[in-house]
Undergrad: 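Pasting in a structure now, in structure tokens, and then I'll have a few things to ask.
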Amino acid sequence: MSLLQSLQCCSISTQAFTKATQPIKGPEQQRRRHHHRHHRTQIRPIGSVPTAYQPLDQIPLRDTFAWNSLLRAHLVDGNCWQTILVYRHMLLCGVRPDRHTLPAVLRASGLSDASSNGKQVHAHALKLGFASDSYVVTALMEFYGQFEGADIAGVVFNCSNQKNSVSWTLLAKLYLMEDKPSFALQLFHRMVNSNMELDVVALATAARACGQLRSVHEGKKLLKIAGRTGLESDVLVGNSLLKMYLDCERIEEARALFDQMPSKDAVAWTTIISGYVNNGVFNEGLKLFRAMCIEGVAPVSFTVSAILPACARVAAYKHGKEIHGCIIRRQIHMNPTVSNALMDMYVKSGSIEAASKIFNRILEKDVISWTVMILGYSLHGRGDRGISLFHQMEESSTVLPDRTTFAAALHACSTACMVEEGRHFFEFIQEPELEHFALMVSLLSRAGLFDEVRAFVEDHRIGHHAMVQRAMLGGCRVHRNMKTGKRIAEQLIELEPLNAENYVLMLNMYAASRKWDVVEGLRETIRDMGLKPKKACSWIEVRRKVHVFGVGDVSHPRSQRIYWELECLMKRMKAEGHVLEKDFGLHDVDEERECIPCGHSEMLAVAFGLISTQGSTTLRVAKNLSVCRSCHASLKMISRIVGKEIVLKDPQIFHHFKDGLCSCRDMW
DNA sequence: GTAGGGTTAG
């Protein structure tokens, strides 16, 4: 009989159950008792042959203990259907289940989505008189919690006369899984009031409830209870309360608790590190990661996955490589999460090649692996490769794209100007979100299809979203469509009158048309309103140190040498017949109107990179604003003159300047 | 011989 056929008829028959539950009498009873005392056989399934019956032939005496061992072995291996089949076979062989049997079969029923089997096991439990056994009760609660919800599990709990802290806590967990933290917390306090002895798991579950509730007030009550019961020094309790503070966005209180913890394990370190990283306090996260290693606590896969996003920035490239080295040195398991975090770190810190190497080595790529790489290629100017990868995912794997994967694919279509492909993807998104709409707008406007953009925006009634307007503006910039651009900038100011960047966008439009009186008026408006537009700045990492440059910055110790280098490069470009294109898109509201690319922050960072590195080292520079046209043109030339690749990250994409060309194909 | 728990990635 094939496995599939076995499964189709694997419901537990009444006949089998009746046979198994017949009273055992005479010599058979004695034989079983004897065996139970002297021949406890631990059995594991043999090899990978998927038949439940094979090992049974090896059981010399078929007693319940041996069957239970086999059931557990299948369960541990994740073969839930085998577990259920073995249970059925066990009944057919006339072996009576005991209170150890039923929880295993219930768990298997839950894991295999076999709701009817679980209910039959419930009936067996009632008939055999195990329904009030505390282990059976918790297994039943877990089973009903999964299929019918926490309320039904609560009925089993209320009917049982064997309540213990495990069943109280399990019910609380089931409510947490249904996003009902207040019910979970109420249960905890009812448990405390019923004089049930408190333990660490109950406290940890209650702490999770407080975190989900975002109630630091309730969390502090737990802290008192923990102190009163002497459980506060327990590492599990400490870690749970630490996470509670972070969930309540109280990072300072979390840090104070962390500092006071008598013993800090890898989980505690990982929790506090992820707290800082998720709040954008990357340097503190990195400091703590190093402190952890110095204190002799070995980082685990969770820790490296938590710290890598802190290195997913240009100028943190060396931190990222350091963590990668640490993973290899310490032989930390490269599970998909670690690989995905590493890939993302390399993508975001400017090395798509390194990300690609890791991607190719992942044997079981999940949806995040594919998405990171699709978006990665797009961000690095290879949208076409991103789209190929999407098709490869569909053809070579069972992974299904989710909304983020579709967003990455649309992004790739946008950078590669693949309009038809983009439309096709958009149709496949079941419930498109604002981000998807904005990406479609970006795709159409970058392709210069402004009439279509207008129709799309009207049809979907999305014109009142700033994200959509900004997407349109991207296309206007690429196609130098100043007329539409000004209209959109006006609309953006109406939508967000307090956002200084909108005025700068408008100002840039008028500067490009040389309408200096309007530019001056807008500057005054910005000043009068007390708005503070972002100051342009660029940064570069050289020998583990980050160097930051502003517009016309002369504060760097090697400033003179930097400007000298730039001047030489400009002379060389001029000698080769390169005429600088003037771009009046001002980066800084206080900047001189006739800005020269020599003083722009990215040029200073690149020049510093050139005088500080040797050979063909790739320079990686990041900028907080879009690069202007003249700097873009100059950087293309410079890459050819110096024979180095220059990778510049701006808020939208990475520009790879190499041999006189840029990966963005001058569309940004 | 069995149950409830704290940390991670787009």
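In what follows, every chain begins at residue 1, and chains take the letters A, B, ... in the order their sequences are listed.
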Undergrad: Which whole-number value in Å describes the distance from Ile358(A) CD1 to dA9(B) C1'?
TA: 12 Å
Undergrad: Please give, in whole Å, the distance from dG1(B) P to His74(A) NE2?
TA: 21 Å
Undergrad: Considering every strand and a 4.0 Å limit on heavy-atom distances, what is the contact class for Asn68(A): base, sugar-phosphate, or nothing?
TA: base
Undergrad: Tell me whether Ser388(A) contacts the main-chain N or O of Asp384(A) through its side chain, where contact means a donor paired with an acceptor under 3.5 Å.
TA: yes
Undergrad: May I ask you to check whether Ser160(A) and Ser132(A) show a side-chain donor-acceptor distance below 3.5 Å?
TA: no
Undergrad: So, does Ser274(A) get its side chain near the phosphate of dT8(B), meaning an N or O under 4.0 Å from OP1 or OP2?
TA: yes
Undergrad: In whole Å, I'd like the distance from the CE atom of Met292(A) to the P atom of dT8(B).
TA: 13 Å
Undergrad: Does Ser305(A) make a side-chain donor-acceptor contact with the base of dA9(B), cut-off 3.5 Å?
TA: no
Undergrad: Using only heavy-atom distances, decide whether a donor-acceptor pair under 3.5 angstrom links the side-chain of Ser240(A) to the base of dG5(B).
TA: no
Undergrad: Do Tyr135(A) and His100(A) get their side chains close enough for a donor-acceptor pair, meaning under 3.5 Å?
TA: no
Undergrad: Could you tell me how far apart Tyr245(A) (OH) and dT7(B) (C1') are, to the nearest whole angstrom?
TA: 19 Å
Undergrad: dT2(B), dG5(B), dT8(B): which one has an atom nearest the side-chain heavy atoms of His100(A)?
TA: dT2(B)
Undergrad: With the side chain of Asp98(A) defined as its heavy atoms from C-beta on, choose the nearest nucleotide among dG1(B), dG10(B), dG5(B).
TA: dG1(B)
Undergrad: Donor-acceptor pair under 3.5 Å: do we get one between Asp199(A)'s side chain and the base of dG5(B)?
TA: no
Undergrad: Under 4.0 Å, counting only non-hydrogen atoms across every strand here, what does Ser369(A) touch: a base, just sugar-phosphate, or nothing?
TA: nothing
Undergrad: Name the nucleic acid region contacted by Lys348(A), choosing base, sugar-phosphate or nothing; use a 4.0 angstrom heavy-atom cut-off, strictly under.
TA: sugar-phosphate
Undergrad: Of the listed nucleotides (dT7(B), dG5(B), dT2(B)), which one gets closest to any side-chain atom of Thr270(A)?
TA: dT7(B)
Undergrad: Applying a 4.0 Å non-hydrogen cut-off, can you work out what Val347(A) is touching in the nucleic acid: base, sugar-phosphate, or nothing?
TA: nothing
Undergrad: Among the candidates dG5(B), dT2(B), dT8(B), find the nucleotide nearest to the side-chain atoms of Phe302(A).
TA: dT8(B)
Undergrad: Measure from CG on Leu342(A) to P on dG10(B) and round the result to the nearest Å.
TA: 12 Å
Undergrad: Answer with base, sugar-phosphate or nothing: what part of the nucleic acid does Thr405(A) contact at a heavy-atom distance below 4.0 Å?
TA: base
Undergrad: What's Ala202(A) touching, base or sugar-phosphate or nothing? Going by heavy atoms closer than 4.0 Å.
TA: base
Undergrad: Can you tell me which nucleotide in dT8(B), dG4(B), dG10(B) comes closest to the side chain of Ala306(A)?
TA: dT8(B)
Undergrad: Rounded to the nearest angstrom, tell me the gap between atom OH in Tyr276(A) and atom P in dT7(B).
TA: 18 Å
Undergrad: Can you tell me whether the side chain of Asn164(A) and the base of dA3(B) have a donor-acceptor pair closer than 3.5 Å?
TA: yes
Undergrad: Would you indicate which nucleotide in dA3(B), dA9(B), dG4(B) comes nearest to any side-chain atom of Arg107(A)?
TA: dA3(B)
Undergrad: Touch check for Asn335(A), heavy atoms < 4.0 angstrom, all strands: base, sugar-phosphate only, or nothing?
TA: nothing
Undergrad: Taking atom types as they are modelled, is there a donor-acceptor pair under 3.5 Å from the base of dT2(B) to the side chain of Arg99(A)?
TA: yes
Undergrad: Under a 3.5 Å cutoff, is there a donor and acceptor pairing between the side chains of His411(A) and Ser378(A)?
TA: yes
Undergrad: Arg403(A) has an atom CZ; how far is it from atom P of dG10(B), in whole Å?
TA: 13 Å
Undergrad: Can Asn340(A) and Ser369(A) be counted as having a side-chain donor-acceptor contact under 3.5 angstrom?
TA: yes
Undergrad: Describe the nucleic acid contact of Ser134(A) in one word from base, sugar-phosphate, nothing, applying a heavy-atom distance below 4.0 Å.
TA: base
Undergrad: Check this one for me: any side-chain N or O of Lys243(A) less than 4.0 Å away from OP1 or OP2 of dT7(B)?
TA: yes
Undergrad: To check you understand the geometry: which heavy-atom pair defines the closest contact between Val347(A) and Leu379(A), and what is its length?
TA: CG1-CD1, 4.2 Å
Undergrad: Looking only at the aromatic ring of each residue, does the gap between the centers of Phe188(A) and Trp168(A) stay below 6.0 angstrom?
TA: no
Undergrad: Mind checking if Thr271(A) touches a base, just sugar-phosphate, or nothing, with heavy atoms under 4.0 Å?
TA: sugar-phosphate
Undergrad: In whole angstroms, how far is the C1' atom of dT8(B) from the CE atom of Met343(A)?
TA: 15 Å
